[in-house]
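Worksheet: the structure to be examined is printed underneath.
Remember, predicted model here, so these are calculated numbers, not experimental data. Proteins get letters first, then strands, A, B, ... in listed order; numbering begins at 1 in each.
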There are 2 protein chains.
Amino acid sequence: MKKVLLRDVAEKAGVSIAMVSYVLNGQKTDRINKDTAQRIRNAVEELNYRPNFLAQSLKLKKTFSLGFIAADIANTFSSQLARIISDEADQAGYALIIGSSDESKPRFERLINQLLNRQVDGLILAAPEGSDELIKALQDRKIPLVLIDRYFPELSVSSVSVNNYQASFDAMSQLMKDGRKKIGILVYDTTLHHLNERVRGAQDSIIHSDSVSYECHSIQEDLIEQEVPAAIAAMLNEGVDAIYFTSNKLGIAGMRYLMNHQITVPTQVSTLFFDETEVFDFYPSPLPFIRQPLADMGKKAVELLFKQMNDATLPAEACVLETSLVQSHLNVDQ
Amino acid sequence: MKKVLLRDVAEKAGVSIAMVSYVLNGQKTDRINKDTAQRIRNAVEELNYRPNFLAQSLKLKKTFSLGFIAADIANTFSSQLARIISDEADQAGYALIIGSSDESKPRFERLINQLLNRQVDGLILAAPEGSDELIKALQDRKIPLVLIDRYFPELSVSSVSVNNYQASFDAMSQLMKDGRKKIGILVYDTTLHHLNERVRGAQDSIIHSDSVSYECHSIQEDLIEQEVPAAIAAMLNEGVDAIYFTSNKLGIAGMRYLMNHQITVPTQVSTLFFDETEVFDFYPSPLPFIRQPLADMGKKAVELLFKQMNDATLPAEACVLETSLVQSHLNVDQ
DNA sequence: TCTGTTTGTTTAAACGTTTAAACAGTTTAA
DNA sequence: TTAAACTGTTTAAACGTTTAAACAAACAGA
């Protein structure tokens, strides 16, 4: 079962391979004889010819594939994003190669090199901590590139993100309006700007009111299962009456602790999550959370990327999308 | 910022491009002058040369990439599998291109063609309903291929799956041992063999005991949100005291219904799930489930695929892995 | 001195496409 | 009648690698 080549089609149709190529690519249609064209199309059909993508790409210097490096593809946030980006790319005739850095900078760098070796036409990146110079270097090499979720304020690179500061600010206002007096904030110990913005927004909001206080606990990403329980225990000890989880993984670890210790929400302590997960469905009470517009983010990222691919001289564009504060996940459709 | 080519390196080192290629690929090491080799390596380093993957692949007729088509990448089962397969491929120096058929056969076919056009070296497929002839055709074309999760008993293709029948059989035995008398089974209305095996195993198990009865409800995949509530309502009406959800999506939809109607588990009705999800963490009582050995499945699939890629004449190998019945997800690590 | 071997390197074809340029034959315009 | 323009098709170079084969120089054995 040999591979069918352009040459085989040409032979069968009794023409040169150039003719087959022209017909297949719809070029010189005004010049080519209708009968010949039809003969070629028939041969293509009969032999079930499929062009070799590698050869095409090599010649055209375009692979019609995009790369997406997620922060952690096992995380719902990433996988849903991947799904949307994949669909968008697909619709435009592009394939998507997905990688997961697992928040490791060396791994991130390796993946980028892999993708570039494979000559992807553009990159969508959820960049891990400390990867700013790396991103800068890519930009200097004029590689079409869009950051998603995370971004570096000192870098002028196209990006899609949400209003982390405002979202947190508003969420805390809501908690205070609900009468919470002492708010605990859980965040990663990180330099990632978007996460710190979440904390800053929360703090600024709480500072406005002098009857409410807060305490902020930093968690090492790789020690979630140890440090989150400790932090929550400490908070509860301090009389915290609301906890703000600034990421979904922190939230899940936190809720697991609360459940294991029979601490009920919102009666004993109330909670607020950044990001939505299916797990909320299984908790007996509504759990309010900040929803990111995943679909819009993915679509916008692909859109910005295509823009750049079409015109490398275009200036960077930072797109900031609005989040929404959702009171409950339950009973939405029943 | 022009791309650095083999030619540029050769020029810089004052040798032919063949020499550079030989040095880079570690060939003819006994012949090549040590100094020349070093000079070439220096030039490679200084110019930061990266080989063009397309050109390499075209020449070598090998792309060092695998394709994985998931049933639904937004489903935890698929995304975790993707993660494992991706890691395994990565370790072997292969990239993974991921697609999601969303259980649609036409989409599945399109994805396969895309992947083959891109000359992937092998495929790992979670095949949707009715795709048996398609798989057969691929096999006839001698395309290295491993089925995962789903398989077709009438086809002799390499596959990795779990003991669906036995898992269900044992799970039902456990429910009966716990005193359940009337068991409801929820399954998709499908011809997918692995799902039907789950039902068959359950039925065979229950039939053994004449004091226990069961009823089985078939759900249309695209109407889950309507049909699952209806089925559960009907079951409860019939006095069912245990429900077996044969897939995680069915389980989640089912639990959402139970929660919205304040029906508690296991006091009012007990449950059993095929597949594990993070959502179980958030339910106040332990929820028993059948666990599939995801990591083993992914690893085995990659292993079988590599085997085939290395020797196309090898016979198909069906690998059936053992599941485990887990009583509770909670308190495992605290 | 001649032949054969070893060492170090280059030449050139190949992988499967795309496409500018060339070509031959026919028609049109002056 | 001759040149210009058009029609339909082919030729051949290019994309960036790999690698078999050829080559040249140095050396060894007779």
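When heavy atoms are screened at a 4.0 angstrom cut-off, A:L5 is found touching the sugar-phosphate backbone but no base atom. Within the 4.0 angstrom heavy-atom criterion, no nucleotide atom of any strand lies near B:F53. Across all strands, B:T36 comes closer than 4.0 Å only to sugar-phosphate atoms, never to a base (heavy-atom distances). At the heavy-atom level, B:L54 lies nowhere under 4.0 Å from the strands shown. Nucleic acid contact for A:L58: base, since at least one base atom lies under 4.0 Å from a heavy atom of the residue.
In this structure, B:R31 places its CZ atom 13 Å from P of C:dT5, rounding to the nearest Å.
In the helix from C:dT1-D:dA30 to C:dA30-D:dT1, the end axes, each obtained as the rotation axis mapping the C1' atoms of four pairs onto the next four within a five-pair block, lie 70° apart to the nearest 10 degrees.
Note on residues 123-135 of chain A: pairs passing salt bridge (charged side-chain N to carboxylate O under 4.0 Å, His left out), not counting sequence neighbours, are A:K105-A:E133. Sorted by first and then second residue, the salt bridge (charged side-chain N to carboxylate O under 4.0 Å, His left out) pairs involving residues 80-102 of chain A (not counting sequence neighbours) are A:R83-A:D87, A:R83-B:D72, A:R83-B:D102, A:D87-B:R107, A:D90-B:R107, A:D90-B:R110, A:D102-A:R107, A:D102-B:R83.
Between B:L60 and B:I32, the residue anchored closer to the 5' end of DNA chain C is B:I32, taking for each the nucleotide with the nearest heavy atom. Mapping B:K61 and B:N33 onto DNA chain C via the closest heavy atom, the residue that lands nearer the 5' end is B:N33.
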Derivation and outcome, salt bridge (Lys or Arg N to Asp or Glu O under 4.0 Å), residues A:K307 and A:D311 | CA-CA 6 Å; A:K307 247 193 205 172; A:D311 181 356; over 6 Å; no
Going through the checks in order, is the side-chain contact (heavy atoms from CB on, under 4.5 Å) test met by B:F108 and B:I69?
-> CA-CA 8 Å; B:F108 184 68; B:I69 304 186; 3.7 Å; yes
Can you check salt bridge (Lys or Arg N to Asp or Glu O under 4.0 Å) on A:K136 and A:D140, steps first, answer last?
-> CA-CA 6 Å; A:K136 184 85 182 59; A:D140 289 345; 3.2 Å; yes
Please test B:N25 against B:S21 for side-chain contact (heavy atoms from CB on, under 4.5 Å), starting from the C-alpha separation and ending with a verdict.
-> CA-CA 6 Å; B:N25 297 313; B:S21 177; 3.3 Å; yes
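On the nucleic acid side, DNA chain D contacts chain B at distances under 4.0 Å to non-hydrogen atoms, with the end points of that region at D:dG16 to D:dA21.
Donor-acceptor pairing under 3.5 Å is lacking for the side chains of B:E109 and B:N113. A donor and an acceptor atom, one from each side chain of B:S65 and B:T63, are located under 3.5 Å apart.
B:R150 meets the salt bridge (charged side-chain N to carboxylate O under 4.0 Å, His left out) test with B:E103; sequence neighbours excluded.
Contact check of residues 41-49 of chain A against DNA chain C (heavy atom, cut-off under 4.0 Å) returns A:Y49.
Aromatic ring centres of A:F152 and A:H193 lie farther apart than the 6.0 Å criterion allows.
In this structure, A:D8 contributes its side chain and A:L5 its backbone to a donor-acceptor pair below 3.5 Å.
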